[in-house]
Chemist: 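A single structure is presented below for examination.
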There are 2 protein chains.
Amino acid sequence: MIKRSYHQYCALAKALDVVGERWTLLILRELITGPKRYKDLVGALPGMGTNLLATRLKELEESRLLERRPLSTHAGVFVYQLAYRGKKLGPALQELARWGFALLGQAEHDETFRPHWAISFLYGAFDAKAAEGLNETYQFIVGPETIQIQVHGKKMNVLQEAAPKPDLTFTLEEQTLIEIIGRQLTFSAALDRKKIQTIGDTPVLQHFFKIFGTRPGEEKNSWVTLG
Amino acid sequence: MIKRSYHQYCALAKALDVVGERWTLLILRELITGPKRYKDLVGALPGMGTNLLATRLKELEESRLLERRPLSTHAGVFVYQLAYRGKKLGPALQELARWGFALLGQAEHDETFRPHWAISFLYGAFDAKAAEGLNETYQFIVGPETIQIQVHGKKMNVLQEAAPKPDLTFTLEEQTLIEIIGRQLTFSAALDRKKIQTIGDTPVLQHFFKIFGTRPGEEKNSWVTLG
DNA sequence: CCGCATCCTCGGCGATACTG
DNA sequence: CAGTATCGCCGAGGATGCGG
């Protein structure tokens, strides 16, 4: 069983040989928020056949993007976690999500949603310049899920485990989060209407607004110049 | 004919709905260096069925990532060029290539190569910090192909058309380029052995070495933190 | 029940021939 | 030259089975 390849001596093609096939990047997205069990992945990837998931996990382990580790608390149970090479894909995922951010309209009825996918939304809203000089941790509690991100030195990181003391904690319902992403509700309005409970100091909240508050529109981009 | 989708309300999944299918990102890679004709794309994408190429081009035009434009000089001939939305994918392609850079070994015999693919290699070698404060244009003439890149403000851009006066021009054979990428030959050694002809001032050449000279190894990366 | 493996069907993909 | 048509194959998706 030889793996399909583009057979091109090109860094981009090589990357796509490893992570370019269907579902692969979404599996890695799931692991950004920490190690996950097989059943968690099945639950977060509706439409994906379980056989295909098992195959992809094996491929990703062979490619050394992730590791399969026995869960100490439950015998016979395993978790999948990002290995070094998988973690290094972060900037690429971040930029892809940043681009896809512009394609996000309102949620359709046939679309699934998981609170931690809001991270890809935050990647899009993140303003690196506004984050300069700050070093803060933000926590989101959305139903059963807790997400933590750290803003530090123009970078935004996802924390895999609970920070000892986040600078800011938001508690909100999943539906509220969906409405904010879909622009039916602004973050400020949700705060005003008590749909978000906040723990943290006012200046930190102002930092958060500065960093994630503005929706980047279609601004000029010059990575390719027309001469 | 309804398009396949992940049906997830997630920025990354939305991005992959548009550019996640086979060959799509490689088509866009081809257009980074400027508008291309259908035959150019066929030539640069061996293994891809021409029917599939035509389908992808239509999809990408509908998604407004590229535009099909009649070539003024030849009646009935069209070129495909990146549209605004396609250009905005640049940072994502750059980060993906940067990641794939580590997977580049020596060229295999069954691998194809085109000189402009070296851009994805340069993405990987690019040191943003070393580029700070500079604004220079480098030109590579490799056989029939000419590639131009601009380094400006911690960013590396690809120029689609000839810069009026590049600060530095390298002329080399395709085989030399392949050997440099495969680490069988260092850039310096190639210069010493007259395998690369250079036009430009010495300080500019030193800048170039500073920006692209060091091969980033497996350095620590903390975009995901373990707690 | 969880973590896969097997089976089967269908559609996307790859190669080539064909047409304006 | 720029696509379109055709066909065979394999990867993807869904259901089910099975061992720990």
Side-chain angles (χ1 to χ4, degrees), chain A residues 1-8 13 16-27 30-31 35-63 66-81 110 112, chain B residues 1-8 13 16-27 30-31 35-62 66-81 110-112:
Chain A
M1 193 61 175
I2 190 153
K3 230 201 141 200
R4 184 164 65 165
S5 163
Y6 288 112
H7 295 294
Q8 295 185 355
L16 294 174
D17 279 343
V18 178
V19 297
E21 298 199 59
R22 196 163 168 77
W23 296 107
T24 303
L25 288 179
L26 295 186
I27 293 172
E30 290 305 310
L31 300 183
K36 294 284 177 297
R37 294 176 56 170
Y38 186 86
K39 67 163 184 175
D40 298 326
L41 297 175
V42 172
L45 301 168
M48 183 181 199
T50 59
N51 53 346
L52 185 55
L53 174 58
T55 304
R56 288 279 182 278
L57 288 171
K58 249 176 248 167
E59 290 169 354
L60 288 172
E61 198 185 354
E62 282 177 28
S63 311
L66 55 83
E67 288 161 357
R68 183 172 176 269
R69 186 169 58 85
L71 192 61
S72 52
T73 54
H74 300 70
V77 175
F78 294 85
V79 289
Y80 296 90
Q81 62 186 10
D110 62 345
T112 56
Chain B
M1 196 59 175
I2 191 154
K3 227 198 145 207
R4 184 165 65 164
S5 163
Y6 288 112
H7 295 293
Q8 294 186 355
L16 294 174
D17 278 344
V18 178
V19 298
E21 298 199 59
R22 195 162 166 78
W23 294 107
T24 302
L25 288 179
L26 295 186
I27 293 172
E30 290 305 310
L31 300 183
K36 294 284 177 300
R37 293 175 58 169
Y38 187 85
K39 66 164 182 175
D40 298 326
L41 297 174
V42 172
L45 300 168
M48 183 182 199
T50 58
N51 55 346
L52 185 56
L53 174 57
T55 303
R56 287 279 181 277
L57 288 172
K58 253 176 242 166
E59 290 168 354
L60 289 172
E61 197 184 355
E62 281 176 27
L66 56 82
E67 288 160 357
R68 183 170 175 271
R69 186 169 58 84
L71 193 61
S72 52
T73 53
H74 300 70
V77 175
F78 293 84
V79 289
Y80 296 88
Q81 62 185 12
D110 62 345
E111 286 178 340
T112 55

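A note on names: the letters A, B, ... follow the listed sequences, proteins ahead of strands, and every chain is numbered from 1. What's counted below: heavy atoms across the whole structure, side chains too, no hydrogens, waters or symmetry copies. If you're wondering where the values come from, they're calculated on a predicted model, not measured in any experiment.
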Chemist: Does a side-chain heavy-atom distance below 4.5 Å link A:Asp17 with A:Gln8?
Modeler: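 When only atoms from C-beta onward are counted, A:Gln8 and A:Asp17 do not touch, as no gap falls below 4.5 Å.
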
Chemist: Taking only the side-chain nitrogens and oxygens of B:Arg56, find out if one of them lies under 4.0 Å from OP1 or OP2 of C:dC13.
Modeler: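 So the side chain of B:Arg56 is within the cut-off, an N or O lying under 4.0 Å from OP1 or OP2 of C:dC13.
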
Chemist: Whole-Å distance between C:dA15 C1' and A:His7 NE2?
Modeler: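 Taking NE2 of A:His7 and C1' of C:dA15, I get 15 Å after rounding.
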
Chemist: Take atom NZ of A:Lys36 and atom P of C:dC2, then tell me their distance rounded to the nearest Å.
Modeler: 17 Å

Chemist: Using atom CG of A:Leu53 as one end and atom P of C:dA5 as the other, report the distance to the nearest whole Å.
Modeler: 11 Å

Chemist: Whole-Å distance between D:dA12 P and B:Leu16 CG?
Modeler: 14 Å

Chemist: Any donor-acceptor pair under 3.5 Å linking the side chain of A:Tyr6 with the backbone of B:Leu45?
Modeler: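 Here the side-chain-to-backbone pair does not exist.
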
Chemist: Distance check needed: D:dA15 C1' versus A:Met48 CE, whole Å only.
Modeler: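 Rounded to the whole Å, the gap is 16 Å.
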
Chemist: Does D:dG11 have OP1 or OP2 under 4.0 Å away from a side-chain N or O of A:Trp23?
Modeler: no

Chemist: Grab the two heavy atoms, one from B:Ser5 and one from A:Arg22, that are nearest each other, plus how far apart they are.
Modeler: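 Where B:Ser5 meets A:Arg22 most closely, the heavy atoms are O-NH2, 3.9 Å.
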
Chemist: Could you tell me whether A:Glu61 and A:Lys58 have a side-chain N and a carboxylate O separated by less than 4.0 Å?
Modeler: no

Chemist: Would you say A:Arg22 places a side-chain N or O within less than 4.0 Å of OP1 or OP2 belonging to D:dG13?
Modeler: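 A:Arg22 to D:dG13 OP1/OP2: side-chain N or O found under 4.0 Å.
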
Chemist: Is it true that a side-chain atom of A:Thr24 and a backbone atom of A:Gly20 form a donor plus acceptor pair closer than 3.5 Å?
Modeler: no

Chemist: Should the pair B:Tyr38 and B:Tyr80 be assigned to parallel (<30°), tilted (30 to 60°) or perpendicular (>60°) ring geometry?
Modeler: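 The arrangement is tilted - the two ring planes meet at 30° to 60°.
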
Chemist: Tell me, for nucleotides 2-8 of chain D in 5' to 3' order, what letter each nucleotide earns: B for a base near a protein heavy atom under 4.0 Å, S for only sugar-phosphate near one, - for neither?
Modeler: SBBBB--

Chemist: Let me know the distance between CG of A:Leu52 and P of D:dC10, rounded to the nearest Å.
Modeler: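 In whole Å, D:dC10 P lies 17 Å from A:Leu52 CG.
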
Chemist: For B:Val79 and B:Arg37, work out which heavy atoms get closest and say how close.
Modeler: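 Minimum heavy-atom separation between B:Val79 and B:Arg37: CG1-CG, 3.7 Å.
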
Chemist: In whole Å, I'd like the distance from the CD atom of A:Glu59 to the P atom of D:dG11.
Modeler: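 Computing the A:Glu59:CD to D:dG11:P distance gives 10 Å.
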
Chemist: Mind calculating the distance between CG (A:Leu71) and C1' (C:dC2) to the nearest angstrom?
Modeler: 12 Å

